[in-house]
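In what follows, a single structure is set out as structure tokens and then discussed.
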There are 2 protein chains.
Amino acid sequence: MIPMRHKRFDKMECPIARSLERVGEWWTILILRDALLGTTRFDEFQKSLEIAPNILTRRLRAMEEAGLLQRRRYSERPPRDEYILTRRGRDFSPVLLALLAWGNKHFAPEGESVSLVDARTGLTAVPAMYDAVSGRPITMRDFQFRPGPAANERIHRRYGAPKRERETK
Amino acid sequence: MIPMRHKRFDKMECPIARSLERVGEWWTILILRDALLGTTRFDEFQKSLEIAPNILTRRLRAMEEAGLLQRRRYSERPPRDEYILTRRGRDFSPVLLALLAWGNKHFAPEGESVSLVDARTGLTAVPAMYDAVSGRPITMRDFQFRPGPAANERIHRRYGAPKRERETK
DNA sequence: CAGTATCCTGTCCGATACTG
DNA sequence: CAGTATCGGACAGGATACTG
């Protein structure tokens, strides 16, 4: 039902691939961005994104089916809907923050066009990944991907044992 | 030169849109994922991703031109190249971590298939966004997007003033 | 092993016109 | 205002065969 470009990604079972499957197309991410900023109405999205209305309709529908947005009727006559982020949609914000940080660092030679600022201090924030359990910043040296409880054979091949352990056998 | 589906995204000047522009297509992200895990060779990528070789070639080329990978000749005859992550490519890892966390939380009803674990303790990590400046977790309540020094008119319209300030006028 | 060369298909997207 | 309907184009991606 949901138009998915690459069903293969879901088959991979990798959570990253699965996320990509759900986020679907590029517009989806920008729609999520606007929704996080408080946009809820069709024409607000359309003006902000300069997206063709038929495309916006299609994306909005797909996002509703994917559980990222919930449509809510705010007027019965005439029938008017608005699009509210679900929990799942709001939980996408770390991805947006990471994309923002990456873009600002690498593709803004003339300076940042959008910054994330601390509302209390007004200082420009530097979003980074930490492990909420240990409190330490995540680096690929200190942390590693490992097969989880639901891992299948493919996952075990890809993420299987870290190299140092493998060498012992 | 780089095949870009939506030049419009770059025009937007939004750092998120720009990042999407560079990351380009879905395969790109999965290639980055594998590269982060240590994959460097053409056939390793191909086997891991089950991607058609011509597509892989195309992606690898585009990613080299986008500065995500650097091609390095490791054998002169026969000529053999390997693909090494650049700094820019490695800096993409927070996005992958955020996608991993989102996928694990929302699209793994049967349990996690891939987990991030703390190499020291072996505990499953919970990747989250913090502000490296203030040390506080980033929420949309405590932090907000604001136009940066290089913001253009469009950005000001979108990220302009926060709502509460606007209400005072 | 590490790709290149062709041909083809899917579908995301854009433009435009129209409607309750 | 909030969409729907239709048509067309571009390009990522797939399949396959071939090469140094």
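As the structure is a prediction and not an experimental result, all values here were calculated from the model. Values reported hereafter were calculated over all heavy atoms of this structure, with side chains retained and with hydrogens, waters and symmetry mates removed. To find a chain, count down the sequence lines: A is the first, B the second, and so on, and within it residues start at 1.
- As rounded to whole Å, 16 Å separates atom P of dT11(C) from atom CH2 of W26(B).
- Of the candidate nucleotides dG3(D), dA12(D), dC12(C), dG3(D) has the atom nearest to the side chain of Y83(A).
- When atom types are taken as modelled, the side chain of S113(A) and the backbone of A151(B) share no donor-acceptor pair closer than 3.5 angstrom.
- Of the candidate nucleotides dG14(C), dC12(C), dG3(D), dC12(C) has the atom lying nearest to any side-chain atom of R59(A).
- Side-chain proximity of P53(A) to the nucleotides dC1(D), dG3(D), dA17(D) is greatest for dG3(D).
- Contact annotation: T57(B) does not reach the phosphate of dG3(C) (side-chain N/O to OP1 or OP2, under 4.0 Å).
- Across dA2(D), dG3(C), dG14(C), the shortest atom-to-atom separation from the side chain of F42(B) is found for dG3(C).
- Using the six-membered ring where Trp is involved, W102(B) and F107(B) have ring planes that are perpendicular, over 60° apart on the 30 and 60° scheme.
- Map L60(A) and N54(A) each onto its nearest nucleotide of DNA chain D; the residue landing nearer the 5' end is L60(A).
- Rounded to whole Å, the distance from CG on D81(B) to C1' on dG20(D) is 14 Å.
- The backbone N or O of T40(A) lies less than 3.5 Å from a partner atom in the side chain of E44(A), making a donor-acceptor pair.
- Neither OP1 nor OP2 of dG20(D) sits under 4.0 Å from any side-chain N or O of R80(B).
- The environment of CZ in R73(B) is crowded: more than 12 heavy-atom neighbours from other residues, nucleotides or ligands sit within 6.0 Å.
- The nearest whole Å value for the distance from the CD1 atom in I29(A) to the P atom in dC13(C) is 11 Å.
- When the C1' atom of dC1(C) is taken as reference, atom CD of E44(B) falls 12 Å away, rounded to whole Å.
- Heavy atoms of other residues, nucleotides or ligands lying less than 6.0 angstrom from CZ of R71(A) number more than 12.
- Of the N and O atoms on the side chains of N54(A) and T57(A), not one donor lies less than 3.5 Å from an acceptor on the other residue.
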#### Entry: Dot-bracket notation for DNA chain C, counting Watson-Crick and G-U pairs under 3.5 Å, with | for partners on another strand
||||||||||||||||||||
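- Under 4.0 angstrom from either OP1 or OP2 of dT4(D) there lies at least one side-chain N or O belonging to R61(A).
- Taking OG1 of T39(A) as the start and CG of L49(A) as the end, the distance is 8.0 Å to the nearest 0.5 Å.
- Comparing dC1(D), dG3(D), dA15(C) by their nearest atom to the side chain of R71(A) picks out dG3(D).
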### I51(A)/F45(A) under side chain to side chain contact (heavy atoms under 4.5 Å, CB included): CA gap, chis, key distance, verdict
CA-CA 8 Å; I51(A) 183 177; F45(A) 285 115; 5.7 Å; no
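- Remark: C1' of dC1(C) and CG of L56(B) are 13 Å apart, rounded to the nearest angstrom.
- Atom NZ of K47(B) and atom P of dG3(C) are 13 Å apart (whole Å).
- Minimum atom distance to the side chain of E25(B) is reached by dG13(D), of the listed dG13(D), dG3(C), dC12(C).
- Rounding to whole angstrom units, CZ of residue R73(B) and P of dC1(C) are separated by 18 Å.
- A close approach under 4.0 Å does occur between a side-chain nitrogen or oxygen of Y74(A) and OP1 or OP2 of dA2(D).
- Taking atom CD1 on I51(B) and atom P on dG14(D), their separation rounds to 7 Å, with Å as the unit.
- Residue W27(A) has a polar side-chain atom (N or O) positioned under 4.0 Å from OP1 or OP2 of dG14(C).
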